[in-house]
Amino acid sequence: MTIRVIIVDDQAMVRAGFAALLSAQADIDVVGEAPDGRQSIEVSRRTHPDVVLMDVRMPEMDGLAAARALLEPPVGVVHRPRVLMLTTFDVDDYVYEALRAGASGFLLKDAPPADLISAVRVVAAGEALLAPSVTRRLIADFAQQRPAPRKDRSLRLKGLTPRETEVLELIARGLSNQEIAERLILAEQTVKTHIGRVLAKLGLRDRAQAVIFAYESGLVAPGG
């Protein structure tokens, strides 16, 4: 199955370079480009991509606003692509907010070409591109904000089994599936099954939103 991608960046050379790299892959088809967030919405609604590579900082409409528009479309718009944010910074407030809005992760613009190709495939497959090291940086950022737990989210935790709650906590602490399996003495496939159930019960898209949910619900305290 071919992965349909659109590239959104205000620099024409960046768009051209990414397009050439991705188009060379047999399983990836670049179906459109846009120089800003506003036009990315129009292109996405017209081409129905599987993945949108979205730059964070752009004129007219930044990547955060565009990601929200794509992931929370108005009534009547059915298509929701997966959004992969592109940034020049390890941790960016815009990227953090994009993850809260439902983006599937982020990638540094200077990442090796192979990482970009892999990221598109990972996100298209429904996974979150949120490595444990990135999770830990997001946790540090979250710790500085220290928002009060949201009651609606803490109530939703009651629908999880004790084991599922434990797995969610370890995800939020930045552990990989393999590390969780070792900690709980489980098979890695069993951990994946638990994660799938956690996401389904809480109505979350992926691992990125699970991390944020765990902190906003009060399950895990920043710095704890």
Side-chain angles (χ1 to χ4, degrees), residues 2-23 28-111 115-130 134 137-138 141-142 145 203-213 216:
T2 302
I3 302 169
R4 296 169 60 82
V5 178
I6 67 172
I7 301 168
V8 186
D9 195 289
D10 59 340
Q11 297 182 48
M13 290 184 66
V14 171
R15 295 198 306 274
F18 285 168
L21 176 65
L22 295 174
S23 295
I28 299 176
D29 184 14
V30 177
V31 297
E33 299 178 16
D36 60 61
R38 194 175 306 282
Q39 291 187 51
S40 76
I41 298 171
E42 298 172 4
V43 174
S44 179
R45 301 263 163 84
R46 186 176 69 250
T47 61
H48 290 185
D50 300 302
V51 178
V52 176
L53 289 180
M54 182 78 73
D55 188 18
V56 172
R57 302 176 185 275
M58 295 179 291
E60 296 296 328
M61 177 186 283
D62 64 30
L64 173 58
R68 282 177 173 157
L70 292 174
L71 297 168
E72 300 173 8
V75 177
V77 177
V78 178
H79 178 255
R80 291 189 185 186
R82 294 195 171 270
V83 177
L84 176 59
M85 306 301 295
L86 296 168
T87 179
T88 53
F89 306 99
D90 279 2
V91 175
D92 187 298
D93 289 341
Y94 285 99
V95 175
Y96 178 79
E97 290 300 323
L99 291 174
R100 293 184 66 179
S104 294
F106 71 90
L107 186 71
L108 296 179
K109 278 188 174 182
D110 60 358
D115 286 3
L116 174 62
I117 296 168
S118 175
V120 168
R121 290 172 177 155
V122 166
V123 170
E127 298 293 331
L129 190 75
L130 201 59
V134 174
R137 288 199 293 270
L138 285 173
D141 182 56
F142 199 100
Q145 299 182 38
L204 305 175
R205 288 168 62 98
D206 51 38
R207 196 184 196 93
Q209 288 197 320
V211 171
I212 292 167
F213 183 97
E216 291 188 335

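Residue numbers start at 1 and run along the sequence shown.
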Are V43 and E33 close enough, and set up right, to give a side chain to side chain contact (heavy atoms under 4.5 Å, CB included), and what steps lead you there? CA-CA 7 Å; V43 174; E33 299 178 16; over 6 Å; no
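Contact annotation: the side chain of D29 never approaches that of V5 to less than 4.5 Å [non-hydrogen atoms, C-beta and beyond]. Using a 4.5 Å cut-off on side-chain heavy atoms (C-beta onward), H48 and R80 make no contact. Counting only heavy atoms from C-beta outward, the side chains of S44 and L70 approach each other to under 4.5 Å. V56 has its side chain out of reach of D62: every pair of non-hydrogen atoms, C-beta onward, lies at least 4.5 Å apart. Using a 4.5 Å heavy-atom cutoff, the side chains of R45 and P73 are in contact. Using a 4.5 Å cut-off on side-chain heavy atoms (C-beta onward), M61 and S40 make no contact.
When all heavy atoms of P35 and M58 are compared, the closest pair comes out as O-SD, 4.1 Å. Heavy-atom minimum distance, L22 versus L116: CD2-CG, 4.2 Å. Across V123 and L84, no two heavy atoms sit closer than the pair CG2-CD1, 4.1 Å. Residues A34 and Q39 come closest through the heavy atom pair CB-C, 3.8 Å. The two residues L64 and M85 come nearest to each other via the heavy atoms N-CE, 4.3 Å. Between V8 and G37 the shortest heavy-atom distance is CG1-N, 4.4 Å.
Here CE of M13 is found 12.0 Å from CZ of F18. Values are rounded to the nearest 0.5 Å. Note that CG of L71 is 8.0 Å distant from CE of M54, once rounded to the nearest 0.5 Å.
Among the candidates L53, I7, I6, the single residue satisfying the side chain to side chain contact (heavy atoms under 4.5 Å, CB included) test with V30 is I7.
Between D10 and R57, none of the side-chain N atoms (NZ, or NE/NH1/NH2) sits under 4.0 Å from a carboxylate O, so this pair counts as no salt bridge.
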